[in-house]
2 protein chains.
Amino acid sequence: MKRAKKKIFADFIAQRGLKSTKQRDIILDSFLSSDRHLSIEELYLKLRAKHSNIGYATVYRTLKLFAEAGIAREMQFGDGQTRYEHVGEGEHHDHLVCTRCGNIEEFENETIEQLQSEIAASRGFLIERHRLELYGLCVNCRK
Amino acid sequence: MKRAKKKIFADFIAQRGLKSTKQRDIILDSFLSSDRHLSIEELYLKLRAKHSNIGYATVYRTLKLFAEAGIAREMQFGDGQTRYEHVGEGEHHDHLVCTRCGNIEEFENETIEQLQSEIAASRGFLIERHRLELYGLCVNCRK
DNA sequence: AATCCGATGAAAGTGATTTTCATTGGCATA
DNA sequence: TATGCCAATGAAAATCACTTTCATCGGATT
């Protein structure tokens with residue numbers, strides 16, 4: 001899993017004529033061994049703890065690269081920060097976002113996807129992607 | 001419809017001990033006779049055309065008030081701008097967002113809502129609100 | 001018409017993200 | 001291995017979409 005994504009990123013870098021650097025390796029490692037749904041700031045702080053020589057801008061730029069390479073996806077959950085989640089090939093899932101503790105769970109539902117396709121089809125709309133988020137209280141925060 | 005919302009806002013103003021002002025009347029009129037899903041900037045520019053004396057900050061503040069009063073709802077569609085849509089009582093709908101022309105259509109689907117409730121229930125999650133957006137090409141942009 | 005206090009507009013401030021720019025450092029080539 | 005090219009980096013400045021400040025204005029209650 002981790003290895004596969006490193007390979008994907010290495011290939012992406014090579015294909016674009018970009019360079020392999022220490023910073024990119026460190027950031028990729030840290031990203032892959034993190035929580036899904038990490039914000040840029042969270043990742044930056046995590047990195048700073050071990051590597052004081054990594055700049056803010058580099059983290060931003062590198063995460064954007066991950067997204068372009070297809071190993072990460074940008075997400076907004078309305079807290080004003082962009083989060084990046086891990087992307088597995090072909091996989092898609094939706095989110096349950098706890099408005100109290102901020103925890104994010106994932107779910108998949110084939111029937112909902114099916115209904116979405118029907119709705120789009122009935123209007124001649126071609127779906128490229130979708131987002132479905134349920135906001136509320138997670139089981140722990142309900143007490 | 002338009003009258004009903006003006007009444008709701010007037011009542012809201014009164015109840016809070018706020019004031020009725022020329023600017024608020026103008027902004028409300030303009031909002032009510034606009035497209036659903038207008039961004040703040042779009043509304044501001046529209047207003048400026050007729051009323052050069054309305055400030056940016058006032059438009060922001062007033063739209064927030066509309067949201068508090070329950071006649072508008074803040075929405076984010078990932079283009080970096082907050083949009084306000086009209087709110088009818090008790091109504092909820094989801095969106096089809098065209099990634100080429102930016103047009104936003106609405107839809108409702110009771111079965112999807114039902115499935116969402118089941119998913120949440122199975123995890124002990126209490127839904128407060130949700131968002132479902134389908135991004136892609138609208139019928140016109142598909143050519 | 002006087003007074004109170006919310007409302008307004010211009011400008012300054014915020015916070016997240018992006019860009020600039022001088023410098024560094026991969027890496028292909030000589 | 002040395003050289004040169006140009007991408008990558010980090011710090012700081014800039015940008016973007018808002019939000020707040022503050023001096024002044026103006027509803028509305030007395």
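Every chain is numbered from 1, with letters handed out A, B, ... down the list of sequences.
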**Student:** Nearest whole angstrom, please: distance from the P of D/dG26 to the NZ of B/Lys22.
**Tutor:**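 After rounding, the reported distance stands at 7 Å.
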
**Student:** Does the side chain of A/Gln76 get closer than 4.0 angstrom to OP1 or OP2 of C/dA16 through an N or O atom?
**Tutor:**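 A/Gln76 to C/dA16 OP1/OP2: no side-chain N or O under 4.0 Å.
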
**Student:** Verify the contact: side-chain N or O of B/Lys64 to OP1 or OP2 of D/dT19, cut-off strictly under 4.0 Å; return yes or no.
**Tutor:**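 So the side chain of B/Lys64 is within the cut-off, an N or O lying under 4.0 Å from OP1 or OP2 of D/dT19.
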
**Student:** Please step through side-chain hydrogen bond (donor to acceptor under 3.5 Å, both in side chains) for the pair A/Thr62 and A/Gln23, ending with a clear verdict.
**Tutor:** CA-CA 9 Å; A/Thr62 304; A/Gln23 287 90 336; over 6 Å; no

**Student:** Does A/Tyr60 place a side-chain N or O at less than 4.0 Å from the phosphate oxygens OP1/OP2 of C/dT17?
**Tutor:**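 For A/Tyr60, the contact criterion (side-chain N or O under 4.0 Å from OP1 or OP2 of C/dT17) is met.
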
**Student:** Counting side-chain heavy atoms from C-beta on, which of D/dT9, D/dC18, C/dC27 comes nearest to B/Ile40?
**Tutor:**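 The listed nucleotide nearest to B/Ile40's side chain is D/dC18.
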
**Student:** Under 4.0 Å, heavy atoms only, any strand: does A/Gln81 hit a base, just the sugar-phosphate, or nothing?
**Tutor:**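 Sugar-phosphate, no base atom in range.
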
**Student:** What is the distance, to the nearest angstrom, from the CG atom on B/Leu18 to the P atom on C/dC5?
**Tutor:**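 My rounded result for the distance is 15 Å.
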
**Student:** Are B/His95 and B/Phe77 near enough that their ring centres are under 6.0 Å apart?
**Tutor:**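 Ring centroids of B/His95 and B/Phe77 are less than 6.0 Å from each other.
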
**Student:** Is the phosphate of C/dT17, meaning OP1 or OP2, less than 4.0 Å from a side-chain N or O of A/Thr82?
**Tutor:**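 For C/dT17, OP1/OP2 do have a side-chain N/O of A/Thr82 under 4.0 Å.
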
**Student:** From the list C/dT8, C/dC27, D/dT9, which nucleotide is the closest neighbour of the side chain of B/Thr21?
**Tutor:**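 From the listed options, C/dT8 comes nearest.
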
**Student:** Can you measure B/Ile26 atom CD1 to C/dG9 atom C1' for me and round it to whole angstrom units?
**Tutor:**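 Checked: the CD1 to C1' distance equals 14 Å.
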
**Student:** Looking only at the aromatic ring of each residue, does the gap between the centers of A/His86 and A/His37 stay below 6.0 angstrom?
**Tutor:**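 Ring-ring flag for A/His37/A/His86: false, centres at least 6.0 Å apart.
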
**Student:** Roughly how far apart are A/Arg36 CZ and A/Arg83 CZ, rounded to 0.5 Å?
**Tutor:**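 Taking CZ in A/Arg36 and CZ in A/Arg83, the distance rounds to 13.5 Å.
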
**Student:** Can you check the B/Ile27 CD1 to C/dA7 P distance for me, whole Å?
**Tutor:**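 Taking atom P of C/dA7 as the reference, CD1 of B/Ile27 is at 12 Å.
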
**Student:** Mind calculating the distance between CZ (A/Phe12) and P (D/dA8) to the nearest angstrom?
**Tutor:**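 From A/Phe12 CZ to D/dA8 P: 10 Å.
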
**Student:** Looking for any heavy atom pair under 4.0 Å, which part of the strands does A/Arg61 touch: base, sugar-phosphate only, or nothing?
**Tutor:**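 Base contact.
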
**Student:** Take the protein atom OH of B/Tyr56 and the nucleotide atom C1' of C/dA12, then report the distance between them rounded to whole Å.
**Tutor:**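 These atoms are roughly 15 Å apart.
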
**Student:** So, is A/Gln23 close to the D/dG10 phosphate, meaning a side-chain N or O under 4.0 Å from OP1 or OP2?
**Tutor:**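 Affirmative; the distance criterion is met.
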
**Student:** Within the pair A/Thr58 and D/dA8, is there a side-chain N or O less than 4.0 Å away from OP1 or OP2?
**Tutor:**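 For A/Thr58, the contact criterion (side-chain N or O under 4.0 Å from OP1 or OP2 of D/dA8) is not met.
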
**Student:** For B/Asp79 and A/Arg48, take the nucleotide of DNA chain D holding the closest heavy atom to each; which residue's nucleotide lies nearer the 5' end?
**Tutor:**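 Its nearest nucleotide being more 5', the pick is A/Arg48.
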
**Student:** Please report, rounded to the nearest Å, how far the P atom of C/dT8 is from the NZ atom of B/Lys19.
**Tutor:**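 After rounding, the gap between these two atoms is 10 Å.
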
**Student:** Report the distance from atom CG of A/Leu65 to atom C1' of C/dT18, rounded to the nearest whole Å.
**Tutor:**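 Answer to the nearest Å: 14 Å.
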
**Student:** So among B/Phe12, B/Phe31, B/Tyr60, which one has a ring-ring contact (aromatic ring centres under 6.0 Å, His included) with B/Phe66?
**Tutor:**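 Considering B/Phe12, B/Phe31, B/Tyr60, a ring-ring contact (aromatic ring centres under 6.0 Å, His included) with B/Phe66 is found only for B/Phe31.
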
